[in-house]
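Residue numbers start at 1 and run along the sequence shown. Because the structure is predicted, anything quoted here is derived from the model rather than measured.
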Amino acid sequence: MSNERAGAPRSRGSATADAVIDAFAFARQGGSADGAVPLVRFARVVEGLPEQPAGEAGLVQWSARGEIGTGLVRGQPLLHLHVRANPVLVCQRCNAPFVYEIDSRTVLQFVKSESELDEDLSSELQDPELADSLPEKVVGSHRFDLLAQVEDELILSIPYVPKHDVCPGTQADDGDASQEPAAVRPSPFAVLEQLKRKD
């Protein structure tokens, strides 16, 4: 790890030390920035989560690159954002904490006003798959906070109902678990036999 302040981007273009950029100049100049920020710095992300690890394990690694688009977004200012983190979540199936890997890459298109967010080019495209490939729009500014966008990406990447792929001990207990209901719950035939005896 370098001794740079956490969150400070190493950049080319117009990024400043606190990760605030001139969005349109950043795209136009092909600027780039990256940094590492403790996950606990993102209050909206960690709210309701268990305690997060300290040190390198608790860092969010991010990088951003600007460009002017080609093809469907020809001439449009774009931001390529890559976010990696390993937050600790709680499995909603077994209630045990586990590490959830986030490795998110997204492309955003800067627009100048909120009214432009609603402009939909997809209706002009004959191929619906092309419409799905259009970048999401965000309002750019001369003081665009990259870390706020990183936080948004983290929030979008965390599942609403986090679960292990396979909960610990599930495989070993599968045989017992599948047999347990039959052992606890009497067979319908046994119940019927008891009813007959009562008569």
Side-chain angles (χ1 to χ4, degrees), residues 1-2 4-47 49 52 56 58-87 89 100-125 127-160:
M1 291 286 293
S2 69
E4 290 180 291
R5 183 167 62 84
R10 297 180 295 280
S11 62
R12 297 183 298 278
S14 56
T16 63
D18 57 354
V20 174
I21 60 170
D22 180 328
F24 300 101
F26 190 78
R28 189 171 58 250
Q29 297 167 7
S32 66
D34 60 81
V37 185
L39 182 62
V40 292
R41 178 172 170 180
F42 298 109
R44 289 188 298 140
V45 177
V46 299
E47 183 180 358
L49 297 185
Q52 300 299 310
E56 193 166 341
L59 289 178
V60 176
Q61 306 282 347
W62 64 273
S63 62
R65 177 175 60 84
E67 73 167 357
I68 298 299
T70 58
L72 294 173
V73 286
R74 182 180 182 84
Q76 299 301 319
L78 303 179
L79 177 72
H80 295 260
L81 188 62
H82 185 196
V83 178
R84 289 181 297 139
N86 294 285
L89 310 180
Y100 182 81
E101 182 182 357
I102 293 174
D103 190 343
S104 167
R105 293 176 186 270
T106 188
V107 181
L108 303 169
Q109 177 186 336
F110 290 128
V111 295
K112 293 183 178 178
S113 67
E114 290 191 7
S115 62
E116 292 180 70
L117 293 174
D118 299 327
E119 291 179 5
D120 189 5
L121 292 177
S122 59
S123 58
E124 300 172 19
L125 301 173
D127 186 346
E129 289 187 10
L130 289 178
D132 290 340
S133 66
L134 290 171
E136 182 183 342
K137 295 177 181 178
V138 293
V139 178
S141 69
H142 297 300
R143 291 193 57 76
F144 184 85
D145 188 348
L146 284 172
L147 293 185
Q149 196 61 51
V150 168
E151 184 171 35
D152 286 348
E153 291 305 314
L154 289 169
I155 291 169
L156 290 170
S157 298
I158 292 175
Y160 185 68

Indicate the atoms forming the closest heavy-atom contact of [X] with [Y], along with that distance.
{"X": "Leu39", "Y": "Gln52", "answer": "CD2-OE1, 3.3 Å"}
{"X": "Val45", "Y": "Leu49", "answer": "O-CD1, 3.3 Å"}
{"X": "Phe26", "Y": "Arg65", "answer": "CE2-C, 3.9 Å"}
{"X": "Gly140", "Y": "Ala23", "answer": "CA-CB, 4.0 Å"}

Enter the distance from [X]:[atom1] to [Y]:[atom2] here, rounded to the nearest 0.5 Å.
{"X": "Arg41", "Y": "Leu59", "atom1": "CZ", "atom2": "CG", "answer": "11.5 Å"}
{"X": "Leu78", "Y": "Ile68", "atom1": "CG", "atom2": "CD1", "answer": "7.0 Å"}
{"X": "Leu108", "Y": "Glu153", "atom1": "CG", "atom2": "CD", "answer": "6.0 Å"}
{"X": "Asp152", "Y": "Asp145", "atom1": "CG", "atom2": "CG", "answer": "9.5 Å"}
{"X": "Leu154", "Y": "Arg44", "atom1": "CG", "atom2": "CZ", "answer": "9.5 Å"}
{"X": "Tyr100", "Y": "Ile158", "atom1": "OH", "atom2": "CD1", "answer": "8.5 Å"}

In the structure I gave you, are the side-chain heavy atoms of [X] and [Y] within less than 4.5 Å of one another anywhere?
{"X": "Ile102", "Y": "Val60", "value": "no"}
{"X": "Leu156", "Y": "Ser104", "value": "no"}
{"X": "Arg28", "Y": "Pro77", "value": "no"}

Would you confirm whether the ring centroid of Phe144 sits within less than 6.0 angstrom of the ring centroid of Phe110?
->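 Here the rings of Phe144 and Phe110 have centres that are less than 6.0 Å from each other.
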Val150 and Val37: side chain to side chain contact (heavy atoms under 4.5 Å, CB included), yes or no, with the steps?
-> CA-CA 10 Å; Val150 168; Val37 185; over 6 Å; no
Taking only residues two or more places apart in sequence or in another chain, which ones pass side-chain contact (heavy atoms from CB on, under 4.5 Å) with His82?
->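 For His82, the residues satisfying side-chain contact (heavy atoms from CB on, under 4.5 Å) (neighbours in sequence not counted) are Ser63, Arg84, Asp103, Arg105.
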Residue of the set Gln76, Glu116, Lys137 for which side-chain hydrogen bond (donor to acceptor under 3.5 Å, both in side chains) holds with Gln109 =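 By the side-chain hydrogen bond (donor to acceptor under 3.5 Å, both in side chains) criterion, Gln109 pairs with just one of Gln76, Glu116, Lys137: Gln76.
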Side chain to side chain contact (heavy atoms under 4.5 Å, CB included) between Val83 and Thr106: does it pass, once the steps are laid out?
-> CA-CA 9 Å; Val83 178; Thr106 188; over 6 Å; no
Under the side chain to side chain contact (heavy atoms under 4.5 Å, CB included) criterion, do Trp62 and Gln149 qualify, and how do the steps go?
-> CA-CA 10 Å; Trp62 64 273; Gln149 196 61 51; over 6 Å; no
